[in-house]
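Please read the structure below before turning to the comments.
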Amino acid sequence: MREDSNEFLVTPWEVRGKVDYARLVAEFGLTPLNQELYKRLTELAGGTHKLLRRRIFFAHRDLDWILDKYEQGEKFYLYTGRGPSGHTHLGHMVPWFLTKWLQDRFDVKLYFQMTDDEKFLFKPELTLEKTRRYALDNALDVIALGFNQDKTRIFLDTDYIGVLYKIALGCAKKITFSTVRATFGFTESSNIGQIFFTSIQAAPAFIESFISEKNVPCLIPLAVDQDPHFRVARDIAPKLGFYKPAIFHSKFLPSLSGAGKMSSSEAMSAIFTTDSPDAVRKKIWNAFTGGRPTIAEQKEKGGNPSICPVFYYYAFIFEEDDGALEERRLRCMSGDLLCGECKEELIGRIVEFLEEHQHKRERARDLLDKFLLKDEETF
Ligand code: TRP
């Protein structure tokens with residue numbers, strides 16, 4: 001959000017520095033996921049998930065209300081999305097993993113937005129042909145995660161604008177330039193597509209209510225940088241007669257080069273879903289760690305998992321077992337576990353995951369048509 005001596009910045013289009021999540025909670029006005037709500041969620045879901053237990057999904061807006069409604073028999077739907085500016089990396093998939101779990105546990109619909117328009121407007125070097133191509137490519141990663149075929153639809157904004165535009169217009173009419181300037185930092189030289197864009201990202205938060213002509217609760221799992229869009233959307237919802245969407249915020253998978261979230265622009269800082277085993281090996285071996293400069297020093301003083309991307313890869317994705325994760329943390333801190341061993345094991349787990357994912361990704365090509373929403377289709 002803003003940058004100061006502690007140097008971090010979180011906006012929907014840029015994340016820099018080491019993110020202080022406690023400060024984000026305060027500045028964005030989020031509610032931390034507390035033990036009581038965690039328990040209620042997992043009881044209603046009939047199980048737990050490591051991203052919840054470890055508070056990688058750490059904050060929310062109105063998640064308690066979504067559960068109230070659910071208990072009263074008003075089922076919610078899920079909405080999330082992806083800005084297709086390149087290939088998918090593991091960091092992008094973190095919110096999708098929980099979204100899939102929520103869909104399975106609560107048996108609900110999911111709308112998945114591909115903002116090909118957004119990336120065209122915000123990235124000077126990208127053409128619409130490119131962002132559309134990335135969107136279709138990224139959709140394979142979404143499908144590969146196994147979302148329910150009957151309850152999930154993916155759409156490219158430029159394909160689905162016939163439905164979105166009607167909702168976005170209603171939003172746009174209630175959002176002033178002054179609001180988006182303050183929220184997103186636009187200036188006189190921002191292009192006018194950028195200024196309008198938040199109404200397109202808001203639209204799916206109201207789509208079920210709009211189509212069915214009765215209010216349907218919406219829950220949006222996202223990485224916390226996307227929150228500003230939905231602050232605006234929540235502000236205008238009552239003026240449009242819609243429920244405010246509820247939001248569930250995740251932390252960022254750290255960059256392999258240390259500090260900040262994983263960026264798709266720096267190839268070495270992230271593992272892409274299309275990476276070869278050799279690429280994975282090279283990237284993990286090059287990764288920053290919380291280790292000491294020499295083995296002798298590490299054996300004596302131990303490493304620091306709290307600043308180590310390799311450790312976070314285990315915590316976010318590659319270690320299901322809480323006991324094993326804790327043991328890894330303690331062994332690192334005591335100097336018993338060295339970075340080489342820890343990296344080697346991670347490479348094995350990533351390669352195994354990607355092998356299966358890439359296989360599912362290829363099979364997903366045949367399912368694309370079934371998942372994609374076009375023209376005036378509804379589901
Ligand atoms: N703007 C998001 C991005 O750049 C994509 C997106 C669209 C999204 N709608 C969303 C993300 C809803 C989370 C929730 O990645």
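Ligands are counted one by one from 1 in listed order, and the atoms in each one are counted from 1 as well. Hydrogens, waters and symmetry mates play no part in the numbers below; they use all other heavy atoms, side chains included.
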Using a heavy-atom cut-off of under 4.0 Å, does the side chain or the backbone of E118 touch ligand 1, or both, or neither?
side chain
Considering only heavy atoms, does T115 approach ligand 1 within less than 4.0 Å through its side chain, its backbone, both, or neither?
side chain
Which protein heavy atom lies closest to atom 11 (C) of ligand 1, and at what distance to 0.1 Å?
G81 O, 3.4 Å
Is it the case that the side chains of D117 and T115 hold a donor-acceptor pair, with the cut-off being a distance below 3.5 Å and no angle test?
no
Does T80, backbone or side chain, put an N or O under 3.5 Å from an N or O of ligand 1?
no
Does K119 have a non-hydrogen atom less than 4.0 Å from ligand 1?
yes
Test of understanding: given a 4.0 Å heavy-atom threshold, classify the contact between F230 and ligand 1 as side chain, backbone, both, or neither.
side chain
Establish, from distance only, whether the side-chain atoms of D116 and T131 form a donor-acceptor pair under 3.5 Å.
no
Can a non-hydrogen atom of W13 be found less than 4.0 Å from any atom of ligand 1?
no
Are the charged groups of D321 and R328 less than 4.0 angstrom apart, N to O?
no
Which residue holds the protein heavy atom closest to atom 7 (C) of ligand 1, what is that atom called, and what is the gap in Å?
Q113 OE1, 3.2 Å
Distance alone, cut at 3.5 Å: any donor-acceptor contact between the side chains of Q35 and R55?
yes
Looking at atom 2 (C) of ligand 1, what's its closest protein heavy atom, distance included?
Q226 OE1, 3.3 Å
With a 4.0 Å cut-off, would you call R153 and E377 a salt bridge?
no
What protein heavy atom lies closest to atom 15 (O) of ligand 1? Include the residue and the distance to one decimal.
G83 N, 3.1 Å
Salt bridge present between K109 and E208 (N-O < 4.0 angstrom):
yes
Numbered atoms of ligand 1 (with element) below 4.0 Å of I220, judged on heavy atoms:
14 (C)
Distance-only, no hydrogens or angles: does the T294 side chain make a donor-acceptor pair with backbone N or O of E297 under 3.5 Å?
yes
In plain terms, say whether R234 and D227 are close enough for a salt bridge, that is, a side-chain N and a carboxylate O under 4.0 Å apart.
no
